Participant: 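The structure under discussion is supplied below as structure tokens; questions concerning it will follow.
Owing to the predicted nature of the structure, the values given are computational and were not obtained by experimental measurement. Naming: A, B, ... by sequence-line order, numbering from 1 per chain.
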Amino acid sequence: MNFRTPVGTNDILPPSSRVWSYVIDHFSRMCVRTNYDLIITPIFEESGVFQRAVGVDNDVVRKEMYQFQDRSGRDYSLRPEQTASIVRSYVESRPKYLPWKVYYWGPMFRYERPQAGRYRQFYQLGLEAFGSSDPSLDAEIISLAWDFLVDLGLSDLELRLNSLGDEACRPGYVADLTKFLDSVKDKLCGAHQDSYQRNPLRVLDCKTEACLEATQDAPFQRDFLCEDCRDHFKSVLELLDRFAISYRQDSRLVRGLDYYNRTTFEICSTSLESAQNAIGGGGRYDGLVRSLGGPDTPAIGFSIGLERLVSCLENQSPVVIGRAHQSHEPIIFLIDVTSSGKASQVFRDLSRSGINVARDYGDRSMKAQFKAADRSGAWVAVIIGDDELSRNSATIRALRDQEKLRALLQVSVREKYDGRSCGRQDELESSGQVEIDISDIEVFFNKVFIPKFSRHISLASQ
RNA sequence: GUGGCCGUAGCUCAGUUGGUUAGAGCGCCAGGUUGUGGCCCUGGAGGUCGGGGGUUCAAGUCCCCUCGGUCACCCCA
């Protein structure tokens with residue numbers, strides 16, 4: 001019997017993993033540009049971190065946590081989400097300067113039945129900012145999430161926003177809502193007939209006809225916001241308007257984790273075919289630091305599901321997918337039929353000089369090596385045969401896009417660098433390939449050919 | 001936790017009312033042809049038909065159990 005991945009988990013394999021690495025890289029750059037620093041926390045924490053943060057009544061904690069005892073009997077859980085760990089880390093390390101802005105990406109774990117867009121080990125990327133309740137921070141966070149997705153080429157996105165109020169106005173609202181639900185409880189869907197008392201807000205988020213109908217005239221938070229919350233929310237909306245980010249206010253939007261207050265948001269893709277169409281979301285959690293034992297510190301963040309994001313991209317962003325693959329393609333494939341070990345040396349030198357390079361192994365026939373070169377997606381072959389070896393040279397031949405690349409090779413080999421040209425151009429006309437000294441190979445590619453080549457590539461991908 | 005559909009080569013699938021050594025295409029490997037690779041030709045490797053039990057002279061085909069995949073409910077990323 002062969003081993004396989006555990007239920008609900010899967011390997012992220014090439015070529016799809018190229019998209020992952022591209023997306024994560026894109027995200028990291030954006031975060032660095034906006035002054036967020038990488039944070040890496042343990043993948044498991046004391047269970048209490050999540051129980052306290054997410055809420056013991058929440059499904060995520062009640063029945064979805066990978067909770068276990070280690071060999072010393074300590075009660076740990078694999079993280080079902082990242083925010084709680086980061087808050088724990090904030091409280092533990094007490095950063096000197098505020099705001100404290102951090103970003104992350106990594107695996108999360110929830111014990112659920114897998115289905116399209118839902119896994120037991122899944123990946124999120126996101127960011128959190130601590131130490132300011134300025135509504136412009138809310139707008140910054142929302143716009144970062146939005147722009148990140150839009151810049152990746154996604155278009156069928158919908159941003160929904162809500163304000164959940166704060167400790168001043170929420171309790172009154174919840175009491176009112178509960179009273180209302182008491183009066184219509186017979187009309188609620190089966191799942192919520194009892195559970196509405198534990199978490200009344202969830203009922204508003206229920207998609208069943210029964211609950212939707214029963215709660216049509218329910219009180220909504222927007223009518224209960226205190227003045228501070230109302231002003232705060234209004235400022236956030238005004239900034240989003242200025243950014244020309246379109247959104248929809250949705251009074252039924254209640255996020256699944258209990259720590260949220262004030263601004264909450266969710267981004268869905270209408271093009272995602274599965275039932276799990278929320279790509280990401282987030283919001284404020286001004287009370288969370290305190291409830292994990294820290295000083296009163298407002299905070300806000302968002303997270304995005306990588307599997308869902310990548311599947312959106314694969315559906316509707318061919319340009320980005322192409323670019324992601326291209327960034328991993330070898331430019332050069334080394335073909336060596338001399339069994340002299342020359343390829344090993346050239347491979348090492350070229351790769352260390354910064355060029356994506358690939359090769360074959362096992363001294364196979366030239367035909368086999370060319371086939372491997374084709375499959376690798378490399379743009380040119382660098383061939384070392386017996387003739388070349390005796391002259392200490394290599395032949396360069398275009399593999400893809402031959403007409404253009406031959407022209408580029410032709411120009412490159414004639415171009416002077418440091419007062420001389422690298423190649424012997426005499427053979428070019430007839431065979432469409434050039435021969436250059438091995439000692440010139442790094443200069444030829446790095447200084448002459450690749451600069452032209454990158455321009456050719458970027459023109460081609462436009 | 002509940003339910004629908006599905007499990008035959010690396011991949012996509014054929015396998016007729018149960019009947020001899022289980023097939024195809026693609027992919028892979030080797031050889032030939034070739035303008036040093038892409039096309040074409042020849043050959044080859046690779047399957048305990050998810051696993052276990054049962055019915056039968058005979059099971060990939062029928063029955064039961066089980067494991068896995070997938071989608072949906074629920075929940076959420």
Participant: If I pick the P atom on B:U66 and the same atom on B:G27, what distance separates them, to the nearest angstrom?
Facilitator: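 Comparing P positions in B:G27 and B:U66 gives a spacing of 41 Å.
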Participant: Does A:R118 have a side-chain nitrogen or oxygen under 4.0 Å from the phosphate oxygens OP1 or OP2 of B:C71?
Facilitator: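 For A:R118, the contact criterion (side-chain N or O under 4.0 Å from OP1 or OP2 of B:C71) is not met.
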Participant: By the 4.0 Å heavy-atom rule, please label A:Q369 as base, sugar-phosphate, or nothing.
Facilitator: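 Nothing, no nucleic acid heavy atom in range.
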Participant: Return the OG to CG distance between A:S269 and A:N315, rounded to the nearest 0.5 Å.
Facilitator: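 A:S269 OG to A:N315 CG: 7.5 Å, rounded to 0.5 Å.
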Participant: Mind checking the C1' distance from B:C49 to B:A59? Whole angstroms is fine.
Facilitator: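 One C1' to the other, the span is 11 Å.
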Participant: Check the distance between B:A77's P and A:L157's CG and give it to me in whole angstrom.
Facilitator: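 About 17 Å, once rounded to whole Å.
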Participant: B:C29 and B:C57: how far apart are their P atoms, nearest whole angstrom?
Facilitator: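 The answer is 49 Å between these two P atoms.
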Participant: Rounded to whole Å, please give me the gap between CZ in A:R113 and P in B:C67.
Facilitator: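 To the nearest whole Å, that distance equals 11 Å.
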Participant: Rounded to whole Å, how long is the line connecting atom OH of A:Y111 with atom P of B:U2?
Facilitator: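 Value for this atom pair: 11 Å.
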Participant: For A:V7, report the nucleic acid contact type (base, sugar-phosphate, nothing); a contact means any heavy atom under 4.0 Å.
Facilitator: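 Counting heavy atoms under 4.0 Å across all strands, the contact made by A:V7 is with sugar-phosphate only.
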Participant: For B:A22, what is the paired nucleotide under Watson-Crick or G-U wobble rules, both distances under 3.5 Å?
Facilitator: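 Paired with no nucleotide.
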Participant: Base contacts versus sugar-phosphate-only contacts with protein, heavy atoms under 4.0 Å: please encode nucleotides 37-46 of chain B as B, S and - from 5' to 3'.
Facilitator: BB--------
Participant: Distance check: side-chain N/O of A:Q115 vs OP1/OP2 of B:U70, anything under 4.0 Å?
Facilitator: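 Answer no for this pair, as no side-chain N or O of A:Q115 is under 4.0 Å from OP1 or OP2.
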Participant: Need one value for A:R202: base, sugar-phosphate or nothing, where a base atom within 4.0 Å counts as base even if backbone is also close, heavy atoms only.
Facilitator: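 Answer is sugar-phosphate: A:R202 comes under 4.0 Å of backbone atoms only.
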Participant: Give me the distance, rounded to whole Å, that separates B:A9 from B:G50 when you measure between the P atoms they each carry.
Facilitator: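 8 Å, rounded to whole Å.
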Participant: If you look at every strand shown and take non-hydrogen atoms under 4.0 Å, does A:I383 touch a base, only sugar-phosphate, or nothing?
Facilitator: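 Touches a base.
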Participant: Using the P atom on both, measure B:C67 against B:C26 and round to a whole Å.
Facilitator: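 B:C67 and B:C26 have their P atoms separated by 39 Å.
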Participant: Below the 4.0 Å mark, does B:C29 have OP1 or OP2 next to a side-chain nitrogen or oxygen of A:R375?
Facilitator: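 Yes, because at least one side-chain N or O of A:R375 sits under 4.0 Å from OP1 or OP2 of B:C29.
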Participant: Rounded to the nearest Å, what distance is computed from the CH2 atom of residue A:W20 to the P atom of nucleotide B:A77?
Facilitator: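 One finds 16 Å between P of B:A77 and CH2 of A:W20, rounded.
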Participant: Using the P atom in both, what is the distance from B:G25 to B:G44, to the nearest Å?
Facilitator: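 My reading of the P atoms in B:G25 and B:G44 gives 13 Å.
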Participant: Starting at the 5' end of RNA chain B, which residue's closest nucleotide do you reach first, A:A278 or A:G8?
Facilitator: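 Its nearest nucleotide being more 5', the pick is A:G8.
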Participant: If you measure from the P atom in B:A14 to the same atom in B:G52, how many Å do you get, rounded?
Facilitator: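 It works out to 24 Å between them.
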Participant: Kindly say if A:R308 contacts the phosphate of B:C76, meaning a side-chain N or O under 4.0 Å from OP1 or OP2.
Facilitator: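 Indeed not, no polar side-chain atom of A:R308 lies that close.
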Participant: Which base sits across from B:C73 as a Watson-Crick or G-U pair, both distances under 3.5 Å?
Facilitator: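 Paired with B:G1.
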Participant: Whom does B:G27 pair with, Watson-Crick or G-U wobble, provided both distances fall under 3.5 Å?
Facilitator: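 Partner of B:G27: none found under 3.5 Å.
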Participant: Does the pair A:D286/A:R284 count as a salt bridge with the N-to-O cut at 4.0 Å?
Facilitator: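 A:R284 and A:D286: salt-bridged.
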Participant: Kindly indicate whether the side chain of A:V102, heavy atoms from C-beta on, has any atom under 4.5 Å from the side chain of A:L38.
Facilitator: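 In short, these two side chains do not touch, never coming nearer than 4.5 Å.
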Participant: Would you classify A:G117 as touching base, sugar-phosphate or nothing, given that sugar-phosphate means primed atoms plus P, OP1 and OP2, and contacts are heavy atoms under 4.0 Å?
Facilitator: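 Result for A:G117 = base.
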Participant: Figure out the OH/C1' separation between A:Y123 and B:C76, and round it to whole Å.
Facilitator: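 After rounding, the reported distance stands at 18 Å.
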Participant: Work out how far the C1' atom of B:C71 is from that of B:G31, and round it to whole angstrom.
Facilitator: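 One C1' to the other, the span is 47 Å.
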